[in-house]
Amino acid sequence: MERAPLPPFHADLAAAEDALWRLLAEGVERGRSAFHTPSLATVDAAGRPRVRTVVLRAAERASGTLRIHCDRRSDKAAELAARASCALHAYDPESAVQIRIEGTAGLHADDAAAEAAWAASQPMSRVCYGIDPAPGTPLPRGGAYAQPDAEAALTLGRPNFCALLVRAERLDFLYLDRRGHRRAGWRRTEKGWTGTWLAP
């Protein structure tokens with residue numbers, strides 16, 4: 001049985017960078033993409049790492065910025081307000097590609113970026129931000145919280161909604177193949193991105 005040909009980025013650093021941003025863009029558009037739901041890592045007040053799954057809402061290559069949404073009452077919002085450093089990670093077994101992003105997150109709750117993100121959100125997403133009590137609050141039983149309907153969420157959810165804009169500082173791309181893994185990394189500099197091949 002013949003193996004599929006190696007992808008262009010196997011021997012081309014610029015093609016690897018193109019593939020990284022293409023996969024992130026597909027993750028924004030395709031809910032079934034592994035890059036649609038990366039893991040977000042933060043650091044809490046005690047210096048302990050925290051990680052959770054988020055939904056990738058935008059990936060802008062020109063600015064090197066990614067957007068995710070969160071509840072401003074959540075631990076991750078508080079952690080990022082205290083320490084903006086964060087990391088995103090996703091692996092897709094279908095393409096055998098892992099992407100890691102390190103950067104800094106800015107919280108946007110009451111500005112044009114937040115308003116645009118809220119306006120573009122689906123009704124079911126808005127409902128999540130109207131849940132009472134706040135995320136992470138201990139409950140006496142699993143269903144002991146109130147969830148508004150889609151119409152009520154427009155007013156109840158918006159005050160809790162926050163857009164997180166992650167400014168990427170480092171990118172890491174890993175492709176796994178028995179014929180030879182390929183790993184590449186890029187760092188943001190004053191002149192733009194500088195990339196190099198890395199040992200896998």
Side-chain angles (χ1 to χ4, degrees), residues 23-46 48-60 63-94 98-168:
L23 289 168
L24 290 175
E26 288 176 3
V28 172
E29 299 299 326
R30 291 178 45 231
R32 293 183 181 267
S33 165
F35 299 104
H36 184 65
T37 51
S39 296
L40 170 70
T42 58
V43 178
D44 72 10
R48 294 175 300 225
R50 305 287 303 278
V51 65
R52 75 285 284 163
T53 302
V54 294
V55 176
L56 184 61
R57 302 295 184 180
E60 298 178 3
S63 63
T65 303
L66 300 102
R67 178 168 49 88
I68 59 179
H69 300 163
C70 79
D71 192 310
R72 73 166 80 180
R73 303 169 295 170
S74 66
D75 288 346
K76 62 179 168 286
E79 289 157 7
L80 291 169
R83 185 180 298 180
S85 296
C86 64
L88 289 160
H89 165 271
Y91 174 71
D92 177 22
E94 186 176 325
Q98 171 187 267
I99 293 175
R100 294 187 301 145
I101 299 164
E102 296 175 10
T104 54
L107 281 71
H108 298 263
D110 300 306
D111 59 11
E115 285 299 328
W118 176 257
S121 296
Q122 296 295 320
M124 185 55 208
S125 296
R126 292 175 180 160
V127 165
C128 296
Y129 300 102
I131 289 175
D132 184 48
T137 302
L139 300 174
R141 60 186 187 286
Y145 62 89
Q147 179 172 305
D149 61 31
E151 186 173 337
L154 288 171
T155 54
L156 294 176
R158 177 62 187 92
N160 302 324
F161 175 80
C162 185
L164 301 178
L165 298 183
V166 177
R167 184 179 190 269

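Between the NE2 atom of His89 and the OG1 atom of Thr53 there is a distance of 11.0 Å, given to the nearest 0.5 Å. We find the OG1-CG distance between Thr65 and Leu164 to be 12.5 Å, quoted to the nearest 0.5 Å. A distance of 14.0 Å separates CD in Glu102 from CZ in Arg167, rounded to the nearest 0.5 Å. In this structure, CG in Leu156 is found 11.0 Å from CD in Glu151, a value given to the nearest 0.5 Å. Atom CG in Leu66 sits 4.5 Å away from atom CD1 in Ile101 (nearest 0.5 Å). Considering CG of Asp132 and CZ of Arg73, their distance stands at 6.5 Å, rounded to 0.5 Å.
The two residues Ser33 and Gly27 make their nearest non-hydrogen contact at OG-CA, 3.6 Å. Taking all atoms of both residues into account, the shortest heavy-atom contact from Leu165 to Ala113 is CD1-CB, 4.5 Å. Between Pro148 and Gly130, the shortest heavy-atom contact is CD-O, 3.3 Å. A pairwise comparison of heavy atoms in Arg50 and Asp75 identifies NH2-OD2, 3.4 Å as the closest pair. Residues Ala119 and Arg126 come closest through the heavy atom pair O-NH2, 3.0 Å. Nearest heavy atoms, Val28 versus Ala59: CG2-N, 3.7 Å.
Taking the side chain as every heavy atom from C-beta outward, Leu40 and Cys86 approach each other to under 4.5 Å. Here the side chains of Val127 and Gln147 are in contact, with some heavy-atom distance below 4.5 Å. Leu88 has its side chain within reach of Val54: a pair of non-hydrogen atoms, C-beta onward, lies under 4.5 Å apart. Using a 4.5 Å heavy-atom cutoff, the side chains of Val43 and Ser85 are not in contact.
For Arg30 and Glu94, the salt-bridge test fails: no basic side-chain N is under 4.0 Å from an acidic carboxylate O. Taking a cutoff of 4.0 Å between a charged side-chain nitrogen and a carboxylate oxygen, Arg158 and Glu115 qualify as a salt bridge.
The list of ring-ring contact (aromatic ring centres under 6.0 Å, His included) pairs with a residue in residues 110-138, not counting sequence neighbours, reads Trp118-Phe161, Tyr129-Phe161.
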> How far apart are the C-alpha atoms of His69 and Ser121, what are their side-chain angles, what is the distance that settles it, and do they pass the side chain to side chain contact (heavy atoms under 4.5 Å, CB included) test?
Replying inline: CA-CA 10 Å; His69 300 163; Ser121 296; 3.8 Å; yes
>> side chain to side chain contact (heavy atoms under 4.5 Å, CB included), that's the test. Do Thr37 and Leu56 meet it? Break it down for me.
In response: CA-CA 6 Å; Thr37 51; Leu56 184 61; over 6 Å; no
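Distance alone, capped at 3.5 Å, is enough to place a donor-acceptor pair between the Arg72 side chain and the Pro159 backbone.
Each of Arg52, Arg83, Lys76 was checked for a side-chain hydrogen bond (donor to acceptor under 3.5 Å, both in side chains) with Thr42, and the lone residue meeting it is Arg52.
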